[in-house]
**Q** 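Submitted below is the structure of interest, expressed as structure tokens.
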Amino acid sequence: PILVWGAPGIAKTAIVKEVLQLMGDGNGQVIDLQLSTMMRDDWFLPGFVEDEMGFKRSADIPKTWLPVYKKTANAEMNAKGNDLANQGAGGIIFLDELSRADKGVQATLLKFVDERHVGEWYLGDKWTIVSASNRQDDDPNATYNMSTALASRFSQVNFIADFKAWKQWATGAKSE
């Protein structure tokens with residue numbers, strides 16, 4: 001997974017969506033999660049499942065936006081679950097505003113980013129995790145220090161807006 005650091009308003013989100021378009025035939029999706037507005041409970045709903053004996057027990061059920069499946073001991077069932085989770089071409093799970101996320105959300109992301117699962121639910125194999133965040137110096141009153149554990153799970157890039165490069169792109173001029 002990649003984490004793009006950068007100042008507010010320099011089109012980090014737009015760049016992620018553009019990269020998805022360049023990657024394939026346009027069938028991929030972007031699931032844009034605004035982490036600054038999420039809480040730990042926003043990933044699952046409380047529910048019930050029936051066990052092998054027919055008894056119901058409480059269980060967390062992933063929300064419909066989360067493209068995951070529950071692994072079993074059956075390889076064929078896992079392949080079908082993975083295909084359903086991929087929703088066709090898969091895409092990008094975009095974790096936006098990571099440094100503004102509540103500490104509980106950041107803790108939830110530890111396994112999700114590193115091992116591609118939340119609890120018993122696994123992310124489809126055609127999904128890529130990309131995150132973007134402002135640097136703490138950009139807005140020190142609205143960002144949290146990200147844990148070393150979470151930060152170590154990403155390849156990190158510092159994106160700096162460059163007017164000369166943008167002008168060249170916008171006008172279609174050749175590089176010098």
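Just so it is clear, the values below take in all heavy atoms, side chains as well, and ignore hydrogens, waters and symmetry mates. Note that this is a predicted model, so its numbers are computed, not measured.
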**Q** Check the hydrophobic clustering (I, L, V, M, F, W, Y; side-chain heavy atoms under 4.5 Å; chains of links allowed) and say if V130 and L3 are grouped together.
**A**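 Not linked; separate clusters.
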
**Q** Can you confirm whether K80 sits close enough to Y69 that some side-chain heavy atom of one is under 4.5 Å from a side-chain heavy atom of the other?
**A** no

**Q** Kindly give the heavy-atom pair with the smallest separation between K12 and W5, and that separation in Å.
**A**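 That closest heavy-atom pairing would be CD-C, 4.3 Å.
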
**Q** Side-chain donor-acceptor pair under 3.5 Å between Q34 and D32, yes or no?
**A** yes

**Q** What is the distance from atom CD1 of I2 to atom OG1 of T128, rounded to the nearest 0.5 Å?
**A** 10.5 Å

**Q** Side chains of L123 and P67: does their closest heavy-atom pair fall under 4.5 Å?
**A** yes

**Q** Linking I/L/V/M/F/W/Y whenever any side-chain heavy atoms sit under 4.5 Å apart, do V113 and I31 land together?
**A**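 The answer is yes; both residues are in one hydrophobic cluster.
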
**Q** Taking all non-hydrogen atoms of both residues into account, name the closest pair between M77 and T72 and its distance.
**A**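 Nearest pair, atom of M77 first, then T72: CB-OG1, 3.8 Å.
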
**Q** Report the distance from atom CH2 of W127 to atom CZ of R116, rounding to the nearest 0.5 Å.
**A** 10.5 Å

**Q** Using the rule that Ile, Leu, Val, Met, Phe, Trp and Tyr join whenever any side-chain heavy atoms are under 4.5 Å apart, tell me whether V30 and F154 fall into a single cluster.
**A** no

**Q** Measuring from atom OG1 of T148 to atom CZ of R153, what distance do you get when rounded to the nearest 0.5 angstrom?
**A**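 Nearest 0.5 Å value for the OG1-CZ distance: 10.5 Å.
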
**Q** Quick one: are N158 and R135 in side-chain contact, heavy atoms under 4.5 Å?
**A** yes

**Q** Following the transitive rule for hydrophobic clusters with a side-chain heavy-atom cut-off under 4.5 Å over Ile, Leu, Val, Met, Phe, Trp and Tyr, establish whether V157 and M146 coincide in one cluster.
**A** no

**Q** On a heavy-atom basis, which atom in L66 and which in P62 lie closest, and how many Å separate them?
**A**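 Taking every non-hydrogen atom into account, CD2-CB, 4.0 Å.
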
**Q** Knowing that exactly one of T108, D96, L109 qualifies, which makes a side chain to side chain contact (heavy atoms under 4.5 Å, CB included) with L35?
**A**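 One option only clears the test, and that one is L109.
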
**Q** Around K103, counting heavy atoms of other residues, nucleotides and ligands shown, do more than 12 lie under 6.0 Å from its NZ?
**A**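 Enclosed: over 12 neighbouring heavy atoms sit under 6.0 Å from NZ of K103.
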
**Q** For L98, is there any backbone N or O sitting under 3.5 Å from a side-chain donor or acceptor partner on Q106?
**A**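 Judged by distance alone, yes, a pair lies under 3.5 Å.
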
**Q** What pair of heavy atoms forms the shortest contact from M39 to V105, and how long is it?
**A** C-CG2, 3.4 Å

**Q** Considering non-hydrogen atoms only, spot the tightest contact between L95 and S131 and give its length.
**A**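 That closest heavy-atom pairing would be O-OG, 2.7 Å.
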
**Q** Between H117 and V68, is there a side-chain heavy-atom distance shorter than 4.5 Å?
**A** no

**Q** Are the side chains of N134 and E97 in contact, using a 4.5 Å heavy-atom criterion?
**A** yes

**Q** Is there side-chain contact between Y122 and N78, with at least one heavy-atom pair below 4.5 Å?
**A**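 No, side chains not in contact.
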
**Q** Might you point out which heavy atoms bring A107 and R40 nearest each other, and give the distance in Å?
**A** CB-NH2, 3.3 Å

**Q** Between P1 and I93, is any pair of side-chain heavy atoms under 4.5 Å apart?
**A**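 A side-chain contact under 4.5 Å is absent here.
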
**Q** Could you check if a side-chain atom of W43 sits within less than 4.5 angstrom of a side-chain atom of L33, using non-hydrogen atoms only?
**A**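 They are in side-chain contact.
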
**Q** Identify whether L110 and F94 are in the same connected component of the hydrophobic contact network (ILVMFWY, side-chain heavy atoms under 4.5 Å).
**A**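 No, it is not one cluster - the side chains of L110 and F94 are not joined through contacts under 4.5 Å.
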
